[in-house]
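Here's the structure, in structure tokens; my notes come after.
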Amino acid sequence: MPKQVPNPNWKDLALGGAVIEPGSAKYNRTGDWRSERPVWTDKRCVGCGVCSIFCPEGCITMIPDKTLDNERGYRPVTDLEYCKGCGICVVECDKRCRVLECIVMEEEKV
Amino acid sequence: MEKYNVDASLLDVYAALLLPKEDVVASGHRACQGCGEVLAMRLVHKVLGRNTIAASATGCMEIISSPYPESAWKIPWIHVAFENSASVASGIEAGFKALMRKGRYPKRKINIVAYGGDGATADIGLQFLSGAMERGHDMIYVCYDNEAYMNTGIQRSSSTPLGASTTTSPAGKKSIGQQTWKKNMPEIIAAHNIPYVATINPSYPFDLARKVQKASEISGPAYLHAYASCPTGWRMRPDLAVQIGRLAVETGVFPLYEIENGQYRMTHEEEELRPIRDYIKVQGRFRHLTDDVINSVEERIRREYLSLAKKASPSD
Amino acid sequence: MGERKGIEVSIAVAESASACDVDCIAAYPITPQTHVVEHLSEIVADGELDAEFIPVESEHGAMSACCGCAAAGARTFTATASQGLALMHEILFIASGLRMPIVMIVANRALSAPINIWNDHSDVMTERDVGWIQLFAENGQEAFDLVIQAFKIGEDKRVLLPVMVHFDGFILSHVVEPIEILSRDEVKSFLPDYEPAQRLDVDNPISMGPVGMPPVYTECKMVTEAAVRGSYGPIVECFDAFGKQFGRRYKPVETYRSEDADVLLVTMGGISETAMSWVDQQRSQGEKVGLVRFRLWRPLPMDDFMQAIKGAKALAVVDRHFSPGGPGGPVAQEIKYMLYNSEQRIPVVEFVAGLGGRDIYFTDFDKMYKRAKDVVQGAPIPPFELIQARGGHYGEV
């Protein structure tokens, strides 16, 4: 379906002004909101997935990776296009895994 | 549901991978960084999955997820007005019921969810929610409680806790902020004798997942009251949005329980409640409170917690 | 052909919705619409109509639930009056904006204060801007027929708008009239099953009711204007098709003995029948009067109206609502809009009567006719007048 635009011609609107592409929020890349970004230390990560559950953006995905030296064989991948830099992943990783500084926040370079 | 029966306090760190991988709320939504409400909503809908229709009230979750032409929703979604998501969901439920019975739509189970914030649920929408619950529609209502009208600029609601400073109940020389106690929505809805009422908290994702799963499986109305932290409105660090949910449970401010056909059950118990100052000190909205107010609040929280625990185990 | 019988108009309206095989009814009782809702719940309870009857907790809840039903793709019906219509006001705009083809019958009743359960048009006229198609019934048969046609119009893929059918509270709703009741099979050949153009479907998810920011809101309103205005064609088509099939053809503007009239009375709704009897009486005395009535109110049938009043020397408009401190009654205002830039700029003499169930008698029409006749003979056009107010509108008369 053709992409809907913020300033359409009235004849191009869908019925009732509906948004017909599911999940079209993906075109809004919220990554530029952040002033700092989370950085993982692969060696310390145990692949538990806690960061991926608690990310409000849902931008951390756990992908299987047997090459890594962690028990579960998963590692987190952050989609930096959407990460708003809230820092929840850092706090939760600390609290749950007690693996300190597995994730740290680094200032975003301008 | 077995896979969600994980003890919330000793979260098996590896169990996180058991939650469904797919999100039906897409990234790119416009919630504040560290928004606890969108986290709760994301987790609820992760469990409910694609076979769901959502009716939204006006509020944070509606505004951030549907600015034309962007929509974060990968499931069918409708927003009508502020107070009536429960009525709209009643209509959707009745509509599909009639169509399936008359053979005009294939018979299938669809989760029908209505949601709103604390303002939409406890204040302007109370009548509509009450009606929908009383009529017994097969639907779920989720209240995302961030304890004020956050979307319009942090004004008080009947769900704002005593002593919190909001823009319409500001702390001042002659006021401690909110002057009344938080309205107990789960109890109000439980009095409608619906099959299932529960409190959920995104900081306890497995408890949340189990309860959402249960709500979707029972036939009839289910009410879920979700703790939704708001770093913006509560004046706290966004990275503590999940930690604060844990503190709310550990201090007894937000007990985790369920009421199934009138039977109360604590789904998470604390041996000893943490002092309420641990919860209050990280939030700027309580900054102005004096010791005597805090002490009386703590006393009431603990009293209510005990009476709730008693309801859950009446033999004691 | 259907069965002709003496039946209370409210019951007939309920039977009409039943003949259309509605899927969902979400309604709240309010005098004088209660019999419609009661009968519908009876026939659902007896299994005569297979529908979901949602006993909502207010009219606002009723319209909200109707939006939900229509969004699910079900044929939806509701009924209200007066305070109820006012209560659901905010949702009416939304139902139209979201293009939900809901049909609502309104038993016109006065708005409080003071509280008054009897008939006038204050509830209707305060809902002119909501973007619904609006039709007026003048007798029981019309109320029955218009509900069926309302579904056909609203569900037409070129229209997809909610429709209100207005019938006067008590004056129509509670009287027994001879009405031909069509059966469900007869109606089905005219009104096929509802196929929604857009619905909430887990196999094809969409988001209805997003935030319309400034860059897009104007365009959305343009769509509403185009939709309501553009529904005129399908409405006339529907009237013609109904006439062909069932023998009763309706028109957007109806006239009665208006061809060579000097003064034309303009009315809407139930009082039109009284007005017709009065016109007959006047004509028998040699007076050149006629009657013009709006059956279609929104979209406003401007061409039809201008055609209907051709040749008249003055109009006497009977409004049943007015804007206090404002430019009088809404029907007169809209007529003046039509006349202002046209060549037929004839005097419009405005009256407000029949408020809160006050009966309108021949003597009232006589008074109005006298004023209009004076204007035709050169008297200055008077301002709008509440012609039945004891104490007079402009001082004691």
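Proteins get letters first, then strands, A, B, ... in listed order; numbering begins at 1 in each. Just so you know, these numbers come straight off a predicted model, no measurement behind them.
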For chain B, which of C/Ala70, C/Gly73, C/Ala62, C/Cys67 has the most heavy-atom pairs under 4.5 Å? C/Gly73
Let me know if C/Pro55 has heavy atoms under 4.5 Å from chain B in its side chain, its backbone, both or neither. both
Can you tell me which portion of C/Ile94 sits under 4.5 Å from chain B's heavy atoms? Options are side chain, backbone, both or neither. side chain
With a 4.0 Å cut-off, would you call C/Asp21 and B/Arg104 a salt bridge? no
Would you mind telling me which of B/Thr52, B/Ile110, B/Asn111 makes a side-chain contact (heavy atoms from CB on, under 4.5 Å) with C/Val202? B/Ile110
C/Val216 versus chain B, heavy atoms under 4.5 Å apart: side chain, backbone, both or neither? side chain
Looking only at non-hydrogen atoms, find the nearest pair between B/Phe128 and C/Ser58 and report the distance. CE2-OG, 4.0 Å
Using a 4.5 angstrom heavy-atom cutoff, name the option from B/Ala54, B/Ser85, B/Ala98 with the most pairs to chain C. B/Ala98
Applying a strict 4.5 Å limit to non-hydrogen atoms, the region of C/Cys24 in contact with chain B is side chain
I'd like to know which of C/Ala26, C/Gly68, C/Gly61, C/Gly97 tops the heavy-atom pair count under 4.5 Å against chain B. C/Gly68
Could you measure the distance from the CD atom of B/Glu83 to the CD1 atom of C/Ile91? Nearest 0.5 Å is fine. 5.5 Å
Can you say whether C/Glu90 sits under 4.5 Å from chain B via the side chain, the backbone, both, or neither, judging by heavy atoms? side chain
Once you round to the nearest 0.5 Å, how far does OG of B/Ser87 lie from CE of C/Met63? 11.5 Å
Do B/Leu99 and C/Arg199 have side chains that approach each other closer than 4.5 Å (heavy atoms only, starting at C-beta)? yes
Heavy-atom distances under 4.5 Å only: say whether B/Glu93 touches chain C with side chain, backbone, both or neither. neither
So, the part of B/Ala55 with a heavy atom under 4.5 Å from chain C: the answer is neither
Which distance, rounded to the nearest 0.5 Å, do you find between the CZ of B/Arg135 and the CD1 of C/Ile54? 6.5 Å
Under 4.5 Å from a heavy atom of chain C, the part of B/Arg50 involved: backbone
Checking an interface table here. Which of residues 68-81 of chain B come within a heavy-atom distance under 4.5 Å of chain C? B/Tyr68, B/Ser71, B/Trp73, B/Lys74, B/Ile75, B/Pro76, B/Trp77, B/Ile78, B/His79, B/Val80, B/Ala81
Going through the checks in order, is the salt bridge (Lys or Arg N to Asp or Glu O under 4.0 Å) test met by B/Lys102 and C/Asp193? CA-CA 11 Å; B/Lys102 290 165 104 161; C/Asp193 273 342; over 6 Å; no
Taking all atoms of both residues into account, what is the closest heavy-atom pair of C/Glu57 and B/Gly131, and its distance? OE1-CA, 3.5 Å
Considering only heavy atoms and a distance below 4.5 Å, find which of B/Ala86, B/Ala132, B/Ala94 pairs most often with chain C. B/Ala94
Taking all non-hydrogen atoms of both residues into account, name the closest pair between B/Pro67 and C/Met213 and its distance. CB-CE, 3.5 Å
Let's go through C/Val211 and B/Arg30 carefully: what are the C-alpha distance in whole Å and the side-chain angles of both, what is the deciding distance for side chain to side chain contact (heavy atoms under 4.5 Å, CB included) to 0.1 Å, and is it a yes or a no? CA-CA 12 Å; C/Val211 182; B/Arg30 294 163 187 249; over 6 Å; no
Heavy-atom count check: over 12 atoms from other residues, nucleotides or ligands less than 6.0 Å from B/Lys97 NZ? no
What part of C/Ala71 gets within 4.5 angstrom of chain B, counting heavy atoms only: side chain, backbone, both, or neither? side chain
Can you tell me how far CG of C/Asp201 sits from CZ of B/Phe96, rounded to the nearest 0.5 angstrom? 6.5 Å
Would you please test C/His60 and B/Gln127 for side chain to side chain contact (heavy atoms under 4.5 Å, CB included) and show each step? CA-CA 10 Å; C/His60 190 298; B/Gln127 172 199 313; 5.6 Å; no
Using heavy-atom distances under 4.5 Å, tell me whether B/Thr58 contacts chain C through its side chain, its backbone, both, or neither. neither
